[in-house]
Amino acid sequence: MLLMIPGPVEVSPAVVEAFSGPPPGHLAPHVIDAHGRALERLRELFLAGPASQPFAVPGSGTIAMEMAVANLVEAGDQVIVVNTGYFSDRISEMARRRGADVREVRAAPGDVPAPDDLERAFADGEASVVFVTHVDTSTGVRVDPEPICRRARETNALTVFDGVCATGAERFEMENWGADVYLTASQKAIGLPPGLALMVASPEAIEKRHRLRDEVPMALDWDQWLPIMQAYEDRRPSYFSTPATNHIMALDVSLGEILQGGMEAVFQRHQSAAEAMRRAWASMGLELLSSPGVTANTMSAVKYPDGSGPLILETARENGVALAGGLYPGLKQTYFRVGHMGYSTTRPDHLEKTVRAVAAGLDACGLEVDADAAVDALDERG
Ligand SMILES: *Cc1c(COP(=O)(O)O)cnc(C)c1O
């Protein structure tokens, strides 16, 4: 089954090999070396500055989100959530549970918030942290991080970007833009099995942790993990909680593969793959949930055309391709989602098989489409 959902995604043969086999001990010299190098490579992947602090801990995207919230938010804090969908709702709730006063700046489904609405949230200068979902996986919308980073710095607010459906695919310049936390999980564009929570924090973010009066849950506490991460970067053994050793070995390999041609090539490849998929959708008369100017490169949220529905997904599965249903509350019956990130962007055959599977699904619904023309549209042969 070809896994073309917005995570987990297909992974490279080298990653499968690095991940497979008996678990190595976390204190084995080759594991310590891989761990240290993987942390260094995270900085490169995030285009983060030398003074930033990478973390790789066992967990999921949700754990990474919780870790960022737990270390930066305490009772009484004012925070802004730029809400573009399902995962923004989740981080709002996390901040609320820490006792924060949450201001949500909401967008219509498939769009980003209006600049005026965002400006109103910033206007009194009271917010201490701004949370943004870089690509919202429920709508396929991408927010532009740079102006938000700039505005937040003017008001001394820290910025946290959930990059779970974006990191390693969409442009993110952590140092140049002055973002404070960029977080992700292993199973999306990073190209690993699920199981790791990953993030890089700016010195200002780490300093905010030190100023917190509220206690931070121990397993999520940057202060617990920081000496461990520093030890691995110094290639010294260290222990707080057992690293996911197979994942760490695979992370080192995957980041090595991603960084090989440089990040510009990574961003370009994802953009090209996304444009190819969008040409194929258009050639079959399909429309996206997301507005054109804010559509992500990592996935497509495709509206079911009239007369079709989940039979498209069932048929695609019978054709060997797994796709995902909708996720946005209230709208999830009206569209489906296709992931196109990571390893599959290096595999034109994956994209072609996916387009053919969707064409078969439309055909099963009695809608006539030209599958060959859609495949030709992928590489502009059409
Ligand atoms: C997938 C995803 C998450 C959640 O990650 P889990 O590993 O499922 O907990 C969070 N945010 C975004 C943007 C995602 O795409």
Side-chain angles (χ1 to χ4, degrees), residues 3-11 45-46 55-70 81-95 97 104 106-107 109-113 130-145 148 159-172 179 181-200 219-220 244 247 250-251 254 270 274 289-290 294-301 322-329 332 335-342 344:
L3 201 51
M4 298 299 283
I5 63 177
V9 298
E10 292 292 321
V11 306
L45 184 84
F46 288 40
F55 296 90
V57 305
S60 59
T62 303
I63 296 281
M65 293 159 74
E66 195 85 270
M67 186 180 241
V69 171
V81 173
V82 177
N83 192 324
T84 44
Y86 184 88
F87 289 107
S88 311
D89 288 344
R90 178 170 295 182
I91 213 153
S92 271
E93 175 62 12
M94 286 173 174
R97 290 187 186 195
E104 293 210 61
R106 298 194 77 93
D111 218 329
V112 296
V130 184
F131 293 96
V132 182
T133 311
H134 190 186
V135 169
D136 193 281
T137 325
S138 65
T139 56
V141 161
R142 181 184 60 229
V143 172
D144 182 2
I148 297 176
T159 47
V160 175
F161 292 88
D162 171 354
V164 182
C165 196
T167 311
E170 303 278 7
R171 175 178 301 281
F172 195 86
V181 175
Y182 197 40
L183 64 87
T184 190
S186 50
Q187 77 273 22
K188 299 199 187 173
I190 300 271
L192 300 178
L196 287 180
L198 306 166
M199 74 191 67
V200 176
L220 298 175
H247 280 85
L251 178 65
S254 180
H270 282 83
L289 177 67
S290 50
V294 298
T295 293
N297 288 331
T298 48
M299 59 170 288
S300 298
L323 306 175
L327 189 62
Y328 193 93
K332 55 178 157 198
Y335 70 102
F336 64 99
R337 297 174 302 142
V338 182
H340 31 83
M341 62 185 116
S344 285

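When a ligand or atom number is given, it counts from 1 through the structure's own listing order.
- Using a 4.0 Å cut-off to heavy atoms of T137, the atoms of ligand 1 that qualify are 12 (C), 13 (C), 14 (C), 15 (O).
- Within ligand 1, the atoms closer than 4.0 Å to a non-hydrogen atom of T133 are 13 (C), numbered from 1 in the order shown.
- Listed for the E170 side chain is a donor-acceptor partner under 3.5 Å among the backbone atoms of N297.
- With values rounded to the nearest 0.5 angstrom, S88 atom OG is found 8.0 Å from R106 atom CZ.
- Under a 3.5 Å cut-off, the side chain of E104 and the backbone N or O of V81 do not form any donor-acceptor pair.
- Applying the 4.0 Å criterion to heavy atoms of G61 picks out, from ligand 1, the atoms 5 (O), 6 (P), 7 (O), 9 (O).
- The distance from the CZ atom of R337 to the NZ atom of K332 is 10.0 Å, given to the nearest 0.5 Å.
- Residue contacts with ligand 1, taken as heavy atom pairs separated by less than 4.0 Å, involve Q187 solely via side-chain atoms from C-beta onward.
- Checked by atom type and distance alone, the side chain of H247 never pairs as donor or acceptor with a backbone atom of P58 at under 3.5 Å.
- In terms of protein heavy-atom proximity, atom 9 (O) of ligand 1 is closest to T62 OG1, 2.5 Å.
- Looking only at heavy atoms of the protein, atom 10 (C) of ligand 1 is closest to F87 CD2, 3.2 Å.
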Evaluation steps, salt bridge (charged side-chain N to carboxylate O under 4.0 Å, His left out), between D144 and R171: CA-CA 9 Å; D144 182 2; R171 175 178 301 281; over 6 Å; no
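- At a threshold of 4.5 Å between non-hydrogen side-chain atoms, the residues M341 and H270 count as touching.
- Only the side chain of D162 comes within contact range of ligand 1, with a heavy atom under 4.0 Å; no backbone atom does.
- Atom numbering of ligand 1 starts at 1 in the shown order; those under 4.0 Å from a heavy atom of V135 are 13 (C).
- T133 places none of its side-chain heavy atoms less than 4.5 Å from the side chain of I91.
- Proximity of I63 to ligand 1, defined as any heavy-atom pair under 4.0 Å, is not found for any part of the residue.
- Ranking the protein heavy atoms by distance from atom 14 (C) of ligand 1 puts K188 NZ, 3.0 Å first.
- Listed by number with element, the atoms of ligand 1 under 4.0 angstrom from any heavy atom of M65 are 10 (C).
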